[in-house]
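The residues of the chain are indexed from 1 along the displayed sequence. Values below: all heavy atoms of this structure, side chains included; hydrogens, waters and symmetry mates excluded. A quick note: this is a predicted structure, and the numbers were derived from the prediction, not measured.
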Amino acid sequence: MLVKVFGGALQGIDSILITIEVVVDRGSGFILVGLPDTAVKESGDRVQSAIKQCGGEFPRSHVIVNMAPADVRKEGASYDLPIAIGILAADGKIPTEHLHEYIIMGELSLDGSVMPIKGALPMAIMARKLGYKGMIVPRANVSEAAVVNNLDVYGVDNLVEVIEFLRGSIKLEPTVINTREEFARASLDETLDFSEVKGQEHVKRALEVACAGGHNILMVGTPGSGKSMMAKRLPSILPPLTLAEALETTKIHSVAGKLSRGSMLMTRRPFRSPHHTISPIALVGGGSNPMPGEISLAHNGILFLDEFPEFSRGVLEVLRQPLEDRSISISRAKYAIEYPAGFMLVASMNPCPCGYYNHPTKACTCQPGQVQKYLNRISGPLLDRIDLQVEILPVPFEKLSSLKPGESSEKIRERVIKARTMQTERYADEPHVHCNAQMDSRLLRKYAQPDSEGLKRLEEVMIKYDMSARAYDRILKVARTIADLDGSETVCTPHIYEAVNYRKLDRSSWGTTTSF
């Protein structure tokens with residue numbers, strides 16, 4: 001008897017339909033075909049044990065399992081449950097009239113328990129798109145999959161529940177989640193707040209500008225000056241996720257298996273902070289079993305690279321394309337996958353190997369040329385892609401000991417949201433542009449052209465410090481954001497002045513108090 005059970009396979013952050021075909025015929029043996037990986041090939045032993053432990057009997061016949069389409073590689077143990085159901089149905093132990101209505105996925109333990117899987121959310125989206133009535137998933141994944149409306153999602157704990165449900169012996173209640181209501185109810189409270197940061201007003205202003213326009217930022221400062229402290233508080237001033245952004249972000253983390261049990265939509269922007277020993281593949285994604293890397297896990301959020309020059313040159317250089325394209329294409333001999341990578345890069349570094357170049361009280365012990373050599377670990381093309389470069393000096397004692405709290409994240413966030421709202425309205429007719437950092441040359445000429453005095457001042461600076469054409473674009477983008485924070489439709493001279501001062505590393509006078 002031939003039986004078909006339906007599941008899903010992950011491709012990038014989306015899912016495609018997989019048909020598990022099972023035939024139980026005369027003879028003996030178990031054959032599994034359809035380009036399975038090792039974990040899928042081992043499913044036979046897990047399925048056989050699970051069926052026996054649940055009181056059933058594995059067929060003493062010739063069992064053939066085909067997973068179509070045969071040219072798509074099947075990975076992981078999440079096919080255990082549909083294979084077990086297919087075998088029991090083909091052996092006549094389960095009625096088959098309702099199998100075509102459901103997507104079934106789950107890993108089986110030897111005792112028949114159903115274990116969590118990766119990618120339940122994109123599979124649920126696929127199931128609704130293809131018109132399936134419902135989906136049967138491990139109970140640990142039911143909240144994640146149930147955010148998809150108009151789809152009956154059933155969470156199960158063991159194989160027996162699935163068998164009895166398909167037989168009609170028990171009735172499972174679908175999990176119902178009002179996605180918009182739950183998302184609106186999600187708390188936006190942050191445990192870290194900028195009111196705890198003493199001093200560093202110019203740096204907080206630069207971070208506000210970066211968040212308001214979605215700009216990349218590099219902080220250069222001595223040890224203990226507060227670089228990491230301020231970076232960790234950036235999510236508290238970013239605009240809250242929209243429902244569409246939350247769904248996309250949750251899909252990425254679902255595919256990577258990073259969602260905690262019982263979680264639904266992600267309501268906070270991701271903050272990823274990989275160690276400087278990370279490999280290029282771990283950063284951009286891929287591998288033998290392709291998975292999203294850190295830059296994709298930071299999509300719609302922040303990628304924080306502390307000790308920036310300590311990352312290997314190869315790791316830093318792979319950032320260049322994603323910073324421009326906001327996506328990463330991974331091509332290998334057996335697959336080609338594209339992951340989203342619309343992150344905001346926040347990096348920090350010491351000014352020199354000893355860490356005390358330009359410190360007001362401590363002398364730098366580096367040899368001549370070491371400071372520039374240390375900075376040269378970051379290539380010029382990568383540095384050009386960082387819109388804001390700010391220097392951080394230690395906080396004076398009188399500010400450090402002050403009991404007066406700084407400006408709260410809530411107040412800063414209000415200004416950031418106001419500026420982002422202006423940008424949303426401005427780029428309403430541009431489908432791939434949502435903030436100033438994403439403007440191309442055409443939009444720069446249209447929206448970021450400064451007044452005559454500002455243009456003249458910018459020309460002087462560009463010539464004096466031999467800045468690149470990309471630096472010119474970055475300055476105009478940042479100036480446009482500063483104008484938005486001021487509520488100005490026109491980019492004026494003061495906005496250009498401030499934007500130029502955020503290009504500290506583009507000038508030979510870096511490390512001095514020179515300003516424009």
Side-chain angles (χ1 to χ4, degrees), residues 3-22 31-44 46-47 64-87 99-108 114-138 140-142 144-145 148 151 153 156 162 247-248 250-259 285-293 296 328-340:
V3 169
K4 294 184 179 181
V5 183
F6 301 96
L10 298 174
Q11 284 197 338
I13 63 169
D14 296 312
S15 178
I16 62 171
L17 182 67
I18 298 296
T19 303
I20 295 96
E21 302 173 324
V22 184
I31 298 176
L32 178 61
V33 295
L35 206 59
D37 72 351
T38 302
V40 180
K41 290 177 181 178
E42 293 172 346
S43 65
R46 290 191 297 270
V47 168
I64 303 175
V65 179
N66 176 47
M67 308 177 76
D71 60 344
V72 175
R73 188 164 181 78
K74 321 303 184 303
E75 298 170 343
S78 56
Y79 299 102
D80 291 355
L81 183 57
I83 290 174
I85 295 300
I87 291 173
L99 287 180
H100 67 281
E101 298 176 352
Y102 299 99
I103 296 292
I104 303 175
M105 294 295 286
E107 177 184 345
L108 286 177
V114 182
M115 311 297 287
I117 62 172
K118 296 179 181 179
L121 177 56
M123 290 179 190
I125 294 172
M126 174 204 69
R128 183 181 66 178
K129 182 179 179 181
L130 296 179
Y132 283 87
K133 177 183 177 182
M135 184 174 181
I136 300 174
V137 295
N141 298 109
V142 69
E144 172 190 343
V148 179
L151 183 73
V153 179
V156 295
V162 185
L247 187 62
E248 186 179 31
T250 307
K251 281 176 63 178
I252 297 170
H253 286 252
S254 173
V255 169
K258 301 294 184 182
L259 292 179
S288 55
N289 297 328
M291 281 289 152
S296 295
I328 178 70
S329 298
I330 302 168
S331 298
R332 301 291 185 267
K334 295 182 179 180
Y335 63 84
I337 292 176
E338 182 170 317
Y339 291 119

*With sequence neighbours left out, write down each residue that passes side-chain hydrogen bond (donor to acceptor under 3.5 Å, both in side chains) with N66, or none if nothing qualifies.*
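side-chain hydrogen bond (donor to acceptor under 3.5 Å, both in side chains) list for N66, sorted by chain: E21.
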Does any N or O in the side chain of [X] come within less than 3.5 Å of the main-chain N or O of [Y], such that one atom is a donor and the other an acceptor?
| X | Y | answer |
| --- | --- | --- |
| S15 | A9 | yes |
| K4 | T19 | no |
| K74 | V40 | no |
| S296 | P340 | yes |

Closest approach of [X] and [Y], non-hydrogen atoms and distance?
| X | Y | value |
| --- | --- | --- |
| P82 | V5 | CB-CG1, 3.7 Å |
| E144 | L121 | OE2-N, 3.1 Å |
| E75 | D37 | CA-OD2, 3.2 Å |
| A120 | M135 | O-CE, 3.9 Å |
| A140 | P116 | CB-CG, 3.7 Å |
| M105 | G8 | CE-O, 3.3 Å |

*Run the side-chain contact (heavy atoms from CB on, under 4.5 Å) check on V148 and V153 step by step: do they pass?*
CA-CA 9 Å; V148 179; V153 179; 5.9 Å; no
Distance, nearest 0.5 Å, that separates [atom1] of [X] from [atom2] of [Y]:
| X | Y | atom1 | atom2 | result |
| --- | --- | --- | --- | --- |
| F6 | I104 | CZ | CD1 | 10.0 Å |
| I16 | I18 | CD1 | CD1 | 4.5 Å |
| I85 | Y102 | CD1 | OH | 12.5 Å |
| L151 | I125 | CG | CD1 | 10.5 Å |
| E248 | H253 | CD | NE2 | 11.0 Å |

Any non-hydrogen side-chain atom of [X] less than 4.5 Å from a side-chain atom of [Y]?
| X | Y | answer |
| --- | --- | --- |
| L32 | S43 | yes |
| Y339 | I252 | no |
| L17 | Y132 | yes |
| D71 | L35 | no |
| I337 | S331 | no |

*Could you walk me through whether I13 and E338 pass the side-chain contact (heavy atoms from CB on, under 4.5 Å) check?*
CA-CA 8 Å; I13 63 169; E338 182 170 317; over 6 Å; no
*With S78, which of N141, L108, I117 fulfils side-chain contact (heavy atoms from CB on, under 4.5 Å)?*
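Passing option: I117.
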_Name of the residue among V114, D80, L81 meeting side-chain contact (heavy atoms from CB on, under 4.5 Å) with E107_ =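 That would be D80.
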*Quick one: do V22 and I83 satisfy side-chain contact (heavy atoms from CB on, under 4.5 Å)? Show the steps, please.*
CA-CA 8 Å; V22 184; I83 290 174; 5.7 Å; no
*asked:* side-chain contact (heavy atoms from CB on, under 4.5 Å) for Q11 and V72? Distances and angles first, verdict last.
replied: CA-CA 9 Å; Q11 284 197 338; V72 175; 4.0 Å; yes
